[in-house]
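Working notes for the structure below.
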Amino acid sequence: MSPILSLRGIRKTYSNGSISLEALRGIDLDVEEGDYVAIMGPSGSGKSTLMHILGCLDIATSGHYELAGRDVSTLSEGQLAEVRNRSIGFVFQQFNLLPSMTAQQNVELPLVYAGVGRAERSARAREVLTAVGLADRMAHRPGELSGGQQQRVSIARALVNNPDILLADEPTGNLDSASTEDVLDLLSGLHARGRTIILITHEHDVAVRSVHQYSIRDGLLGPLETGTLG
Ligand code: ADP
């Protein structure tokens with residue numbers, strides 16, 4: 001079986017005038033369908049840069065990136081947006097929920113943009129909110145939910161389009177330890193049901209909950225060493 005995601009020799013150079021900085025210096029990575037991968041690294045190691053490339057928010061300076069059987073290394077902005085909307089579900093540290101909308105309306109939002117009709121939107125949002133354990137919180141606004149519950153809503157929103165990959169950038173960075181456990185249990189449950197997950201974190205305790213762990217340092221990916229502290 002070929003991987004759902006494959007990076008070969010990915011480099012990213014930022015140029016500001018005469019100064020250039022190599023944020024990624026040749027990344028190779030294969031992620032199989034149904035895999036749960038964590039990438040851990042300290043601040044400045046290249047995590048955000050890699051996450052932007054993985055999420056089709058940016059393209060590499062050089063190298064090859066194949067996602068769901070398609071070469072996305074050289075796509076235009078518009079093509080990249082299309083692949084991103086179809087293939088990637090994003091989860092962020094800051095939840096990024098709209099405070100005036102209920103949990104259900106927040107989860108329906110990607111379907112509004114995708115042009116899905118009202119009845120189907122509602123049914124799909126309710127189904128995915130139930131799957132993340134929030135069947136009894138659908139009419140609550142974010143301010144009426146705990147941090148862990150808000151992150152569950154944002155995970156439901158990321159899943160509602162049935163993406164190829166769930167890409168979580170520091171998903172527990174804003175949570176207390178109980179809510180962190182709650183969200184990590186949910187991610188493990190989703191993985192057990194076949195979801196492909198890539199998690200980016202600077203926390204060792206979070207990274208070790210995944211199946212395959214890597215560390216990123218100075219723009220290079222390596223195995224995560226046991227006991228490494230970010
Ligand atoms: P992390 O997410 O691990 O903190 P980043 O990917 O944000 O790391 O940054 C990796 C390196 O690239 C850092 O040295 C950072 O200063 C540099 N960098 C990131 N974004 C830019 C940019 N837009 N322009 C110039 N340098 C950047």
Side-chain angles (χ1 to χ4, degrees), residues 5-31 35-67 72-81 83-84 87-97 147 151 154-155 158 163 165-175 179-180 183-184 187 196-230:
L5 179 159
S6 175
L7 304 182
R8 286 294 174 275
I10 290 289
R11 290 175 175 270
K12 181 72 180 181
T13 307
Y14 293 112
S15 300
N16 291 324
S18 59
I19 302 166
S20 71
L21 188 141
E22 269 208 304
L24 300 177
R25 300 191 295 138
I27 303 264
D28 295 337
L29 175 68
D30 284 327
V31 176
D35 206 346
Y36 182 3
V37 168
I39 299 168
M40 185 189 146
S43 179
S45 57
K47 294 189 302 294
S48 305
T49 303
L50 180 57
M51 133 95 192
H52 278 86
I53 289 170
L54 289 172
C56 297
L57 293 158
D58 199 358
I59 58 168
T61 308
S62 63
H64 186 248
Y65 178 12
E66 202 172 299
L67 176 61
V72 295
S73 318
T74 56
L75 296 185
S76 67
E77 283 283 328
Q79 291 167 321
L80 217 51
V83 172
R84 182 165 69 233
S87 291
I88 313 278
F90 291 96
V91 178
F92 302 100
Q93 178 172 351
Q94 307 287 353
F95 318 140
N96 295 356
L97 299 171
Q151 194 59 301
S154 88
I155 290 170
I165 294 169
L166 192 65
L167 187 54
D169 186 16
E170 300 279 6
T172 60
N174 250 4
L175 302 177
S179 293
T180 292
V183 165
L184 291 176
L187 292 176
T196 311
I197 302 172
I198 302 178
L199 182 154
I200 295 182
T201 183
H202 69 277
E203 291 178 88
H204 191 263
D205 291 353
V206 172
V208 296
R209 295 287 296 269
S210 70
V211 174
H212 290 112
Q213 294 129 16
Y214 300 91
S215 99
I216 181 167
R217 273 183 196 273
D218 299 327
L220 285 171
L221 213 57
L224 182 68
E225 288 154 33
T226 322
T228 303
L229 291 172

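Whatever order the structure lists them in is the order used to number ligands and atoms, beginning at 1.
Counted by atom type alone, Y14 and T61 present zero donor-acceptor pairs between their side chains at under 3.5 Å. A donor-acceptor pair shorter than 3.5 Å can be found between the side chains of N174 and Q94.
Each salt bridge (Lys or Arg N to Asp or Glu O under 4.0 Å) pair with one or both residues in residues 35-53, not counting sequence neighbours, would appear here, but there are none.
Remark: side-chain polar atoms of S87 are not paired, donor with acceptor, to backbone N or O of R84 under 3.5 angstrom.
With sequence neighbours left out, the ring-ring contact (aromatic ring centres under 6.0 Å, His included) criterion links F90 to F92. In this structure R209 satisfies the side-chain hydrogen bond (donor to acceptor under 3.5 Å, both in side chains) test together with E181, D185, sequence neighbours excluded.
A heavy-atom cutoff of 4.0 Å around ligand 1 is satisfied by the protein residues Y14, N16, L21, A23, P42, S43, G44, S45, G46, K47, S48, T49.
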